[in-house]
Amino acid sequence: MSTIAIGLLLALVLGMAAQFLRLSPLVGYLAAGILATQGWWGVPVDREVVEHCSEVGVILLLFGVGLQFHIKDLVAVQKVAVPGALACIAVMVLAGTGVFYFLGMQPGLSHSVMYGLCICVSSTVVLTRVLGDNKLMSTPIGHTALGWLVVEDIFTILLLVLLPAVFGGGSLLMAFLGVVFKLLMLVACVAFLGRWVISPSLSFISRSGSNELFTLAVLVAAFGIAVLSDSAFSASTEFGAFLSGMVLGQSKFASRAAGDALPMRDAFAVLFFLSIGMGFELHGLLEYWPLALGTLAACMLAKPLGAFLVMRLLGRTVRLSAMVGGSLSQIGEFSFILAALVVTRYQMLPEAAANVITGVAIISIVINAACYRFIPRLLFMLEKRGVGLPDPGDPSLIPAHSDDTERVVVVGYGPCGQIVTDILRRYRMQVVVLEMNIDTVERLVREGIPALHGDARLRSILSMAGIEKSAAIIISAPGSPAQEIAAAARSLNPKIRVLAHTAYIRNARNLLDSGAEAAFAGEAEAALSMSAHLLHNLGVNQEDVHREGNATRRRLLGLSPAAEEEE
């Protein structure tokens, strides 16, 4: 208990410090793991305890990812994820082989290849946290990166199972076919359990009204399938947890299961990063600093550059290619597993090599978590100068301005943007959609809805959409940089009406202060809609309900109280 208490306390303090410095809390967690082993606490810190608890965090984390990642998302990105992941694995194996061959402590081609294999995959745990921190999990960037990682994880599983055949002299072909068969059987088994066992069981437990039993059932599903994956099918527990999450994510219990599992996931996931920090020995990294520096360069330069080039060759935009490539610039848990196996069981690498991998993992995780949020800013700066601009589509498809109809530019075609577009088009308004997802733009064009692909902060994109002759611009996505978009739109059309959708009331106030005509905060509008619905059903006059809603909205947004009297 003292180990857990000391580790979590250090993680809390250093995580808050990292947050204060505008860094990812991951940086603080890793630093906490390093400090926890220094012996300053008067109580021995047991690293094995932290590692066992961290395994729980990894399983819950991958289970949560599976809940939010649907099979249709993987199918949608398979044309990029499969060739991209395989190409990057090849690049990293070659880079790692070259680095170890020329800079390693045990020269030899076979040893160098094993070193390259140990660093060829990114960390699923770290990448999901980085995407989550930057609110990209449910975007095309997140879907592509997660699909990429699924391919890398499958490759690692194949590698782990094939190693005994390679070193034991067995048939490599038979071992490979056996692994493929086991993975297919695992997927079929999980699908069967999900439909005929897990879902009916959760339905029965849900009717009992016991929250404790429901939470316990979710945990049994996650850990049970994870253990089944490892023990019966020779796959990893992480892959099994991911599959169990995907199965539950297709059911009607997905949101409730996420609500029960995610709080525990976050607490245990901290211990994973603590365990990484605890396994780091600084003197070993300094002793072999050329190898460490070369490995870091391969991890943070070769892999993201390879991913970027592959995605560009596959026709993806500069922004999507750069964001996905940047998210992959670290190594993590599977590298530790492979390194430990190669060092202890097959003696293909010295123990010092495993410590170098751990040190590079920590450095790459810290840099990736701290710097990833700056990639969109860098891309925007380049796009403003005309570098890396995406193909906006065919501007000729945007209809010319007409005096007998109003033009409205809608930024974002998520649920809010779709509803707004449908309503405005029913009233014969001319709507032009600006969207960052190229697949959505192509679909809208096929449906006859004028749409352009590009960043709405760019004056060139707004001008193509006809902002100079537009009556209004509606910023429908709550995560959009609304103030920058509004400023760019007003610079081209000072009289344009700016309406924006935000998640929080404070953001709506800032937008109104900066000149937006109207801002609608999701948390305020939900409260007002629920109140209005209940008051109307209880017999309150509809006009009074409407007046009260407007008055409350103005108070929340900090507008003049006199406006209430004007109603």
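The chain is numbered in sequence order, starting from 1. Just so we're clear, the structure is a prediction, and the values are computed from it rather than from any experiment.
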By side-chain contact (heavy atoms from CB on, under 4.5 Å) - contacts of [X] (at least two apart):
X: Leu314; result: Val80, Pro83, Val310
X: Leu136; result: Leu131, Asn134, Thr139, Ile141, Met323, Tyr372
X: Gln19; result: Pro25
X: Val343; result: Leu349, Glu351, Ala354

Any residue meeting salt bridge (Lys or Arg N to Asp or Glu O under 4.0 Å) with [X], in chain and number order, not counting sequence neighbours:
X: Arg443; value: Glu447
X: Arg316; value: none
X: Glu484; value: Arg457

Kindly write out the residues that satisfy ring pair (Phe, Tyr, Trp, His ring centres under 6.0 Å) with Tyr29, not counting sequence neighbours, or none if the list is empty.
none
Can you measure from [atom1] ([X]) to [atom2] ([Y]) and round to the nearest 0.5 angstrom?
X: Leu320; Y: Thr144; atom1: CG; atom2: OG1; answer: 5.0 Å
X: Leu282; Y: Ile34; atom1: CG; atom2: CD1; answer: 8.0 Å
X: Asp455; Y: Leu379; atom1: CG; atom2: CG; answer: 9.5 Å
X: Leu149; Y: Thr128; atom1: CG; atom2: OG1; answer: 8.0 Å
X: Leu219; Y: Ile59; atom1: CG; atom2: CD1; answer: 10.5 Å
X: Phe192; Y: Met185; atom1: CZ; atom2: CE; answer: 11.5 Å

Looking only at heavy atoms, which two atoms of [X] and [Y] are closest? And how far apart?
X: Ala307; Y: Gly325; result: CB-CA, 3.9 Å
X: Phe63; Y: Ala222; result: CD1-CB, 3.6 Å
X: Leu14; Y: Leu35; result: CD1-CD1, 3.7 Å
X: Val411; Y: Ala456; result: CG1-CB, 3.7 Å
X: Gly147; Y: Ala81; result: C-CB, 3.6 Å
X: Gly96; Y: Ile119; result: CA-CD1, 3.8 Å

Exam field: side chain [X] to backbone [Y], donor-acceptor pair closer than 3.5 Å:
X: Ser327; Y: Leu127; value: no
X: Gln330; Y: Ser123; value: yes
X: Ser244; Y: Ile225; value: no
X: Glu435; Y: Asn437; value: yes
X: His453; Y: Met436; value: yes

Mind jotting down which residue pairs meet the side-chain hydrogen bond (donor to acceptor under 3.5 Å, both in side chains) criterion with at least one end in residues 84-100? Sequence neighbours excluded, please.
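As it turns out, there is no side-chain hydrogen bond (donor to acceptor under 3.5 Å, both in side chains) pair with a partner in residues 84-100 once direct neighbours are skipped.
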Tell me the side-chain hydrogen bond (donor to acceptor under 3.5 Å, both in side chains) pairs involving residues 354-370, sequence neighbours left out?
Ser329-Asn368
For Ile363, which of Val360, Val366, Ile367 qualifies under side chain to side chain contact (heavy atoms under 4.5 Å, CB included)?
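Between Ile363 and the candidates, side chain to side chain contact (heavy atoms under 4.5 Å, CB included) is satisfied uniquely by Ile367.
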With Arg459 via side chain to side chain donor-acceptor pair (under 3.5 Å) - residues at least two apart:
Ser491
Go through the steps to decide whether Ser480 and Ile485 satisfy the test side-chain contact (heavy atoms from CB on, under 4.5 Å), and finish with yes or no.
CA-CA 8 Å; Ser480 299; Ile485 295 173; 4.1 Å; yes
Apply the test side-chain contact (heavy atoms from CB on, under 4.5 Å) to residues Leu305 and Leu309: give CA-CA distance (whole Å), side-chain angles for both, the deciding distance (0.1 Å), then the verdict.
CA-CA 6 Å; Leu305 181 60; Leu309 293 176; 4.2 Å; yes
Got more than 12 heavy atoms from elsewhere within 6.0 Å of CZ, Phe20?
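Check fails, neighbour count at 12 or below.
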Does the side chain of Pro140 reach to within under 4.5 Å of the side chain of Asp439, using non-hydrogen atoms?
no
As a quick check of understanding, evaluate side-chain contact (heavy atoms from CB on, under 4.5 Å) for Trp148 and His143, giving each step before the final call.
CA-CA 8 Å; Trp148 200 294; His143 292 160; over 6 Å; no
Output, in order, the C-alpha distance, side-chain angles, deciding distance and verdict of side-chain contact (heavy atoms from CB on, under 4.5 Å) for Leu117 and Met92.
CA-CA 8 Å; Leu117 288 170; Met92 280 300 290; over 6 Å; no
Please output the side-chain donor-acceptor pairs of residues 289-304 that fall under 3.5 Å, not counting sequence neighbours, one pair per line with the distance.
{"unit_1": "Thr295", "atom_1": "OG1", "unit_2": "Tyr115", "atom_2": "OH", "d": "2.7"}
{"unit_1": "Thr295", "atom_1": "OG1", "unit_2": "Leu291", "atom_2": "O", "d": "2.7"}
{"unit_1": "Lys303", "atom_1": "NZ", "unit_2": "Cys120", "atom_2": "O", "d": "3.3"}
{"unit_1": "Lys303", "atom_1": "NZ", "unit_2": "Ser122", "atom_2": "OG", "d": "2.8"}
{"unit_1": "Lys303", "atom_1": "NZ", "unit_2": "Glu152", "atom_2": "OE2", "d": "2.7"}

